[in-house]
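Before I ask anything, here is the structure I am working with.
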Amino acid sequence: MSTSRREFLKRTSAAAAAGMVLAATGEAAHAERAAGLLGPASQGESAFSELLLRAIDAAKSAGADYADARVSLNRTQTINTRERRVGGLSDNETLGIGVRVLVQGSWGFAATSALTGDGVVRVARQAVLQARANRTPGRKPVTLAPAPGNQRGTWRSEAKIDPFTIPVEEKVALLLAANEAAMKNPQARFVNSSMFFLKEEKSYANTEGALVTQTIFRTQPSMTVTAVASGDFQSRQSNDIAPMGRGYEHVTEARLVDNAPRWAEEAVAKLGAKPVEAGRYDLILHPSHLWLTIHESVAHPTELDRAMGYEANYAGTSFVFPPDKVLGSLKFGSPLMNIRGDRSQPGSLAACGWDDDGVQPESFDIVKNGIFVDYQTTREQALWLEWYYKKNGKPTRSHGCSYAQSWADVQFQRMPNVSLLPGERDLVWEDLISATDRGIAIVGDGSFSIDQQRYNAQFGGQLYYEIRGGKIVGMLKDVAYQMRTPEFWGALDMLGGARSYFLGGAFGDAKGQPAQSNAVTHGCVPTRHRQINVINTGRSA
Amino acid sequence: MSRAAQDQGASSLSRADAEALARRVLGMSIATEARVSVNSGARGNTRFAENQISTAGDNTNTSVVVRSVVGKKVGQAATNRLDDAGLKAVVEMSERLARLSPDDSELVPELEPQQYQEGKGWSESTARLDPALRATAVTSITGPARAAGLVSTGYLETRATASAVANSKGLFAYDRDTDVVLTTTVRTADGAGSGWAGGASNAFSSLDPAALGARAVDKAKKSVGAAAIEPGRYTVLLEPTAVGNLLQLMTGAMNARGADEGRSFFSKPGGGNKLGDKVVDERVTIVSDPFDPETYGTPFTGEGLPTRPVTWIENGVVRNLNYDRYWAARQGKEPTGSAGGIKMSGGNETIESLIAACERGVLVTRFWYIRGVDPRSILYTGLTRDGTFLIEKGKIVRPVKNFRFNESPVVMLNNILGMGKPVRVSASESGNAGAPVVVPPLLVRDFNFTSLSDAV
């Protein structure tokens with residue numbers, strides 16, 4: 001009943017060859033990248049290929065017009081310590097298959113941990129039944145844009161050292177040593193530190209011939225030092241060390257033991273910082289802070305499903321709407337602002353060879369010289385903008401933004417890395433400070449909140465410095481800035497050059513219902529924004 | 001458990017199957033002490049947008065978590081591979097992690113076997129909700145919205161799961177329960193108006209999808225053309241969902257250890273905690289009761305400790321803080337054993353009578369993107385959303401633009417002007433099924449709106 005592997009490979013190598021032609025004609029850069037990444041046609045197979053093929057065949061037999069299947073083995077390890085104690089040491093793995101189908105333009109998705117021949121057939125049929133139930137009256141059918149590029153092969157995160165090969169003992173010893181280093185400061189009363197590692201082995205196949213296998217690594221070392229004085233406590237989080245799509249080398253390079261005394265010192269210094277006087281200030285934002293402002297105010301509102309109302313019930317809609325009124329014309333920010341989406345920056349969290357539609361992602365401009373020029377898309381969504389791409393002589397294709405957090409969840413549009421490109425002048429953090437007469441410099445991300453259309457936002461940080469006459473004159477506390485997105489980016493008048501580029505990012509970007517977690521990197525440089533509203537958040541309840 | 005049972009994915013394991021699986025795992029352990037948690041079941045969801053189903057999902061899974069103590073060292077591992085090799089591997093991994101870690105100075109021994117009350121949170125009306133029945137429920141919202149020329153979006157989620165805990169001292173606890181949550185946001189086609197409604201329960205039969213949809217449609221229509229009013233301190237009529245959004249932030253901060261260590265609102269200046277102190281209005285009482293039909297919860301904690309009714313705040317006074325077993329032993333207290341859900345006292349008012357009692361104020365449907373600003377005062381920021389209206393002289397007079405707030409639930413509970421009847425709400429921002437939250441609508445003075453938002 002199932003197609004044999006030989007037949008499948010014959011069928012799919014023709015499709016893959018067709019894909020390569022598209023890539024070579026339309027997307028030269030992509031073809032090059034594909035050539036570098038991909039090996040012989042047999043690549044892309046994994047121990048689960050047979051089950052994947054059986055699942056999509058069963059879906060086809062049951063009436064699916066299109067089907068894809070995803071097996072993922074997801075392993076995570078978490079180590080938490082507190083002062084001289086290990087608070088938690090856990091290693092989790094989860095393995096299963098998710099099958100997605102289109103029946104007469106209606107989606108269905110079902111998933112199971114029962115990875116047997118019968119189990120995958122049953123779940124494929126369940127997905128088809130569900131898709132039939134989902135065909136509500138008067139609906140618009142779903143159609144998929146073509147998937148250009150090679151859809152066969154293997155891909156692996158740029159990780160030098162698989163974190164799961166490092167003994168836990170070594171990891172614990174490093175965290176406890178970092179805690180000791182912080183506790184040498186007598187006012188550093190509480191120290192928490194942790195490491196988190198993920199290794200996901202994911203295989204994907206669809207009825208158009210895609211067959212890919214990817215190994216994804218994510219690593220985050222982190223620390224929080226809390227200083228306590230009578231009636232006050234202040235914390236410093238180590239978010240100048242970002243989570244990354246790398247291996248254990250990221251932990252080693254984070255130099256926790258060397259940095260811990262500084263974090264402790266900064267937590268203590270916050271106790272004695274001067275409360276900010278509310279008002280308008282020029283803000284100089286460090287990349288370790290700015291990445292989150294980009295995430296919330298630029299990356300989220302340029303998600304096409306959000307703009308079209310698909311996320312209205314939770315994540316919200318977008319001020320970047322409607323597409324025909326904003327594409328190519330909305331002034332998002334100052335001409336210094338250039339924003340690009342990608343899944344290719346080495347070590348970034350959203351990097352991958354193929355997205356969960358089986359599409360090879362491409363780099364694409366979102367904001368060009370301050371003007372909004374494109375949304376983030378999947379195969380289902382790219383066709384919604386066909387009129388725009390045709391008008392501009394561009395191919396209508398997905399940018400490769402489909403992602404699901406696990407085998408148990410259906411894939412949908414998730415942001416790739418969305419980054420602010422460096423300015424042309426070779427400026428660094430100190431240059432921005434010395435060019436500023438009266439302002440506040442903010443380091444590290446802190447409290448954050450933004451409305452459901454991404455206009456009104458409020459951000460705190462980790463460290464705040466008062467700037468007078470081009471110099472840092474002291475530390476402030478209880479600082480948060482409130483902004484309206486287009487004005488905030490319009491007020492950008494200085495930014496760092498390539499030398500000051502930094503990759504920030506986060507695990508746990510939530511969107512969708514059920515809420516799914518995405519991991520994403522935002523590259524950026526320090527920026528200056530003129531006359532932004534700052535409030536004082538300190539008060540007693 | 002048989003292969004067939006696993007394959008059918010029939011989801012939540014019976015007591016006998018869960019116990020057999022747990023015993024099988026414990027039989028592989030060579031640790032000083034071991035604990036096994038088995039969670040199994042089915043989750044289903046249906047999403048809709050543009051008045052039609054967009055995506056849906058059904059999944060089944062059984063996972064096993066093993067916690068091993070070797071000497072005084074602890075390690076934990078989890079898997080969903082249930083063959084002998086998978087289970088052996090997870091036991092060995094937890095033991096290996098334990099051996100590699102330093103002694104745990106806060107180690108608490110595993111519990112002896114305990115007595116539990118029967119959990120009551122299972123509802124067949126939820127467990128049998130398949131994709132077709134979910135689609136029917138969704139259509140009762142999308143149909144009328146479409147007919148009204150509006151655009152509905154929303155989410156229906158069900159969960160039917162069994163949880164079990166067993167340990168090497170012979171303790172075994174088992175419970176199964178269901179949850180359902182249905183939320184919808186209805187917008188005008190031009191995006192000028194937006195209204196939300198939602199509900200949650202353990203029993204689908206207690207939700208009324210059509211009525212919920214009608215409420216969101218009504219708010220969407222009435223919210224068109226919102227104009228700005230100055231930010232500042234306003235009397236607010238917080239609908240129950242908005243109260244739930246904020247109240248759970250305060251109960252979440254009632255950790256005894258954080259309070260005793262001086263890093264919490266519940267810390268006393270100069271040392272100690274606020275147990276016995278009056279911190280909010282004397283009309284406020286907040287309890288957790290896993291056996292109350294409105295707040296059903298699991299009859300045991302993750303360690304197998306029986307859960308029990310807990311009074312957090314009684315007539316404005318802090319009666320309990322949350323003690324885990326280690327901190328309780330150290331401080332000479334009983335461990336709290338809370339099941340998590342919360343229920344707040346209310347009054348006899350209705351939303352209508354609270355509106356009638358308000359000279360000038362703002363009605364809030366729900367809050368969004370609520371994030372901590374300052375743990376010293378439980379200060380949070382966030383925004384109003386999907387139905388914000390101006391009240392003047394006892395009547396809703398017009399929709400107003402959304403506000404950002406910077407406010408503490410402690411302040412909210414000190415500034416109460418009127419209280420209505422408590423109801424179960426969907427208090428999580430994401431619309432996921434969370435712990436039960438039962439709260440009244442509140443009329444509150446001097447609520448701090450700090451800026452305007454153009455978002456609809």
**Prompt:** Using non-hydrogen atoms only, which part of B:R263 is less than 4.5 Å away from chain A: side chain, backbone, both, or neither?
**Reply:**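 Backbone plus side chain of B:R263, per the 4.5 Å heavy-atom cut-off to chain A.
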
**Verdict with supporting geometry, A:E296 and B:R371, salt bridge (Lys or Arg N to Asp or Glu O under 4.0 Å)** = CA-CA 13 Å; A:E296 299 290 1; B:R371 291 294 184 277; over 6 Å; no

**Message:** Can you tell me which of B:G262, B:G191, B:G86 forms the most heavy-atom pairs within a distance under 4.5 Å of chain A?
**Reply:**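 Heavy-atom pairs under 4.5 Å are most numerous for B:G262.
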
**Residue, of A:G512, A:A131, A:S235, A:G98, that accumulates the most heavy atom pairs under 4.5 Å with chain B** =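 Most pairs with chain B among the choices: A:G512.
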
**Prompt:** Shortest non-hydrogen contact from B:Q52 to A:R139?
**Reply:**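 The answer is OE1-CA, 2.8 Å.
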
**Asked** Rounded to the nearest 0.5 Å, how far apart are CD of A:E93 and CE of B:M93?
**Response**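 The CE atom of B:M93 is 8.0 Å from CD of A:E93, to the nearest 0.5 Å.
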
**Where B:V373 and A:Q458 come nearest, the two heavy atoms and their spacing** =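 Result for this residue pair: CG2-NE2, 4.0 Å.
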
**Message:** Are the side chains of B:N80 and A:L95 in contact, using a 4.5 Å heavy-atom criterion?
**Reply:**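 Counting from C-beta outward, A:L95 and B:N80 do come under 4.5 Å.
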
**Prompt:** In terms of heavy-atom pairs under 4.5 Å with chain B, which of A:Y455, A:W107, A:F321 leads?
**Reply:**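 Ranked by contacts with chain B, first place is A:Y455.
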
**Message:** Shorter than 4.5 Å, heavy atoms on both sides: which option in A:G460, A:A127, A:G108, A:A110 has the most such pairs with chain B?
**Reply:**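 Winner by heavy-atom pair count: A:A110.
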
**Item:** Atom pair CG (A:D305) and OG (B:S54), whose distance is rounded to the nearest 0.5 Å
**Value:**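 Output value for this atom pair is 9.5 Å.
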
**Request:** Locate the shortest heavy-atom distance separating A:S447 from B:G372; write the atom from each residue and the value.
**Result:**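 Minimum heavy-atom contact is OG-O, 2.9 Å.
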
**Asked** Are any of the side-chain heavy atoms of B:R47 and A:Y314 separated by less than 4.5 Å?
**Response**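 A side-chain contact under 4.5 Å is absent here.
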
**Request:** Below 4.5 Å from any heavy atom of chain B, which atoms of A:R132 appear? Answer side chain, backbone, both or neither.
**Result:**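 Contact with chain B: none, neither part.
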
**Message:** Can you confirm whether A:Q77 sits close enough to B:L97 that some side-chain heavy atom of one is under 4.5 Å from a side-chain heavy atom of the other?
**Reply:**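 Yes. Closest side-chain heavy atoms under 4.5 Å.
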
**Message:** At a 4.5 Å cut-off on heavy atoms, which part of B:N402 comes close to chain A: side chain, backbone, both, or neither?
**Reply:**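 Side chain only.
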
**Asked** If you count heavy-atom pairs under 4.5 Å with chain A, which of B:N414, B:T136, B:T450 comes out on top?
**Response**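 Greatest number of close heavy-atom pairs with chain A: B:T450.
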
**Asked** Just wondering, do B:S63 and A:T94 contact through their side chains at under 4.5 Å, heavy atoms?
**Response**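 Sidechains of B:S63 and A:T94: no contact.
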
**Prompt:** Who among A:T76, A:I450, A:T78 has the most heavy-atom pairs with chain B under 4.5 Å?
**Reply:**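 Going by pairs under 4.5 Å, I would pick A:I450.
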
**Prompt:** What is the distance from atom CG of A:L89 to atom OG of B:S68, rounded to the nearest 0.5 Å?
**Reply:**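 A:L89 atom CG to B:S68 atom OG measures 11.0 Å (nearest 0.5 Å).
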
**Message:** So for B:E429, is it side chain, backbone, both, or neither that comes closer than 4.5 Å to the heavy atoms of chain A?
**Reply:**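 Both parts, backbone and side chain.
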
**Message:** Side chains of B:Y380 and A:S449, heavy atoms from C-beta outward: is any pair under 4.5 Å?
**Reply:**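 No, side chains not in contact.
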
**Asked** At what distance, to the nearest 0.5 angstrom, does OG1 of A:T136 lie from CZ of B:R146?
**Response**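 Spacing of OG1 (A:T136) from CZ (B:R146) equals 7.0 Å.
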
**Request:** Please flag which part of B:S264 lies under 4.5 Å from any non-hydrogen atom of chain A: side chain, backbone, both or neither.
**Result:**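 Just the backbone, heavy atoms under 4.5 Å.
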
**Request:** Could you tell me which non-hydrogen atom of A:N313 sits nearest to which non-hydrogen atom of B:G154, and how far apart they are?
**Result:**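 Minimum heavy-atom separation between A:N313 and B:G154: ND2-CA, 3.5 Å.
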
**Item:** B:R43 atom CZ, neighbour heavy-atom count above 12 within 6.0 Å
**Value:**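 Not more than 12 within 6.0 Å, no.
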
**Among the listed options B:G431, B:P102, B:A135, the residue most often paired with chain A at heavy-atom distances under 4.5 Å** =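 Winner by heavy-atom pair count: B:P102.
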
**Asked** Quick one: what part of A:R135 sits under 4.5 Å from any heavy atom of chain B, side chain, backbone, both or neither?
**Response**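 Contact with chain B: none, neither part.
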
**Request:** For residues B:E50 and A:K140, report the shortest heavy-atom separation together with the two atoms involved.
**Result:**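 Where B:E50 meets A:K140 most closely, the heavy atoms are OE1-NZ, 3.2 Å.
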
**Item:** chain A contact via B:V456 - side chain, backbone, both or neither, heavy atoms under 4.5 Å
**Value:**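 Both parts, backbone and side chain.
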
**Prompt:** What are the two closest heavy atoms between A:A515 and B:N432, and how far apart are they?
**Reply:**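 Answer, listing the atom of A:A515 first, then B:N432: N-OD1, 3.5 Å.
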
**Side chain, backbone, both or neither of B:R159 within contact of chain A (heavy atoms, under 4.5 Å)** =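 Contact with chain A: none, neither part.
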
**Message:** Is B:T142 in contact with chain A via its backbone, its side chain, both, or neither, using a 4.5 Å heavy-atom distance?
**Reply:**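 Interface part for B:T142: neither.
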
**Request:** Between chain A and each of B:N59, B:V65, B:N45, count heavy-atom pairs under 4.5 Å; write down the option with the most.
**Result:**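 Sorted descending by pairs with chain A, the first entry is B:N59.
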
**Prompt:** Do the side chains of B:R376 and A:Q234 get nearer than 4.5 Å, heavy atoms only?
**Reply:**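 A:Q234 vs B:R376: side chains touch.
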
**Message:** Checking A:Q130 against B:D58: is there a side-chain donor and acceptor pair closer than 3.5 Å?
**Reply:**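 Checked: B:D58/A:Q130 side chains pair up, N/O donor to acceptor below 3.5 Å.
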
**Prompt:** Which answer fits B:L452, side chain, backbone, both or neither, if we ask what part of it has an atom under 4.5 Å from a heavy atom of chain A?
**Reply:**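 Contact with chain A involves the backbone of B:L452 alone.
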
**Prompt:** Which one, B:K73, B:R81, B:E157, leads in non-hydrogen pairs under 4.5 Å with chain A?
**Reply:**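 Sorted descending by pairs with chain A, the first entry is B:R81.
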
**Asked** About how many Å separate CD of B:E106 and CZ of A:R82, when rounded to the nearest 0.5 Å?
**Response**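 With rounding to 0.5 Å, CZ (A:R82) is 6.5 Å from CD (B:E106).
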
**Request:** Measure distances from A:L73 to the heavy atoms of chain B and classify the residue's part below 4.5 Å as side chain, backbone, both or neither.
**Result:**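 Looking at A:L73, just its side chain touches chain B.
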
**Request:** Go through the atoms of B:A77 and report whether side chain, backbone, both or neither lie under 4.5 Å from a heavy atom of chain A.
**Result:**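 Contact with chain A is through both the backbone and side chain of B:A77.
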
**Per-residue contact mode, A:R84 against chain B (heavy atom under 4.5 angstrom)** =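 For A:R84, neither part sits under 4.5 Å from chain B.
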
**Prompt:** Of the backbone (N, CA, C, O) and the side chain (C-beta and beyond), which part of A:V172 lies under 4.5 Å from a heavy atom of chain B, both, or neither?
**Reply:**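 A:V172 touches chain B through side-chain heavy atoms alone.
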
**Item:** Interchain contact, A:E170 with chain B, by part (heavy-atom threshold 4.5 Å)
**Value:**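 Neither the backbone nor the side chain of A:E170 comes within 4.5 Å of chain B.
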
**Asked** Quick one: are B:Y155 and A:P514 in side-chain contact, heavy atoms under 4.5 Å?
**Response**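 Yes, side chains in contact.
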
**Item:** Part of A:L176 lying under 4.5 Å from any heavy atom of chain B
**Value:**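 The answer is the side chain of A:L176.
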
**Message:** Any heavy-atom pair between the side chains of B:T55 and A:Y310 that's under 4.5 Å?
**Reply:**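 No, every pair of side-chain atoms sits at 4.5 Å or beyond.
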
**Item:** Pairs of heavy atoms under 4.5 Å with chain B: top-ranked of A:G446, A:A510, A:A457, A:A173
**Value:**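 Top option by heavy-atom pairs under 4.5 Å: A:A457.
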
**Asked** Side chain, backbone, both or neither: which part of B:R67 has an atom under 4.5 Å from a heavy atom of chain A?
**Response**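 For B:R67, neither part sits under 4.5 Å from chain A.
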
**Message:** What part of A:R484 gets within 4.5 angstrom of chain B, counting heavy atoms only: side chain, backbone, both, or neither?
**Reply:**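 The answer is the side chain of A:R484.
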
**Request:** First locate atom OG of B:S453, then atom CD of A:Q482, and finally report the distance between them rounded to the nearest 0.5 Å.
**Result:**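 Result: 11.0 Å between the selected atoms.
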
**Message:** salt bridge (Lys or Arg N to Asp or Glu O under 4.0 Å), that's the test. Do A:D451 and B:R404 meet it? Break it down for me.
**Reply:** CA-CA 8 Å; A:D451 71 39; B:R404 171 175 296 287; over 6 Å; no

**Prompt:** So does B:R96 have more than 12 non-hydrogen atoms from other groups sitting under 6.0 Å from CZ?
**Reply:**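 At most 12 heavy atoms, drawn from other residues, nucleotides or ligands, come within 6.0 Å of this atom.
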
**Message:** Quick check on the interface: out of A:G87, A:A480, A:P322, A:A315, who has the most heavy-atom pairs with chain B under 4.5 Å?
**Reply:**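 Answer, by heavy-atom pair count under 4.5 Å with chain B: A:A315.
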
**Item:** A:I535 portion near chain B, given a 4.5 angstrom heavy-atom threshold
**Value:**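 For A:I535, the contact with chain B is made by the side chain alone.
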
**Request:** Quick one: which of B:A455, B:G57, B:G198 has the most heavy-atom pairs under 4.5 Å with chain A, could you say?
**Result:**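 It is B:A455.
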
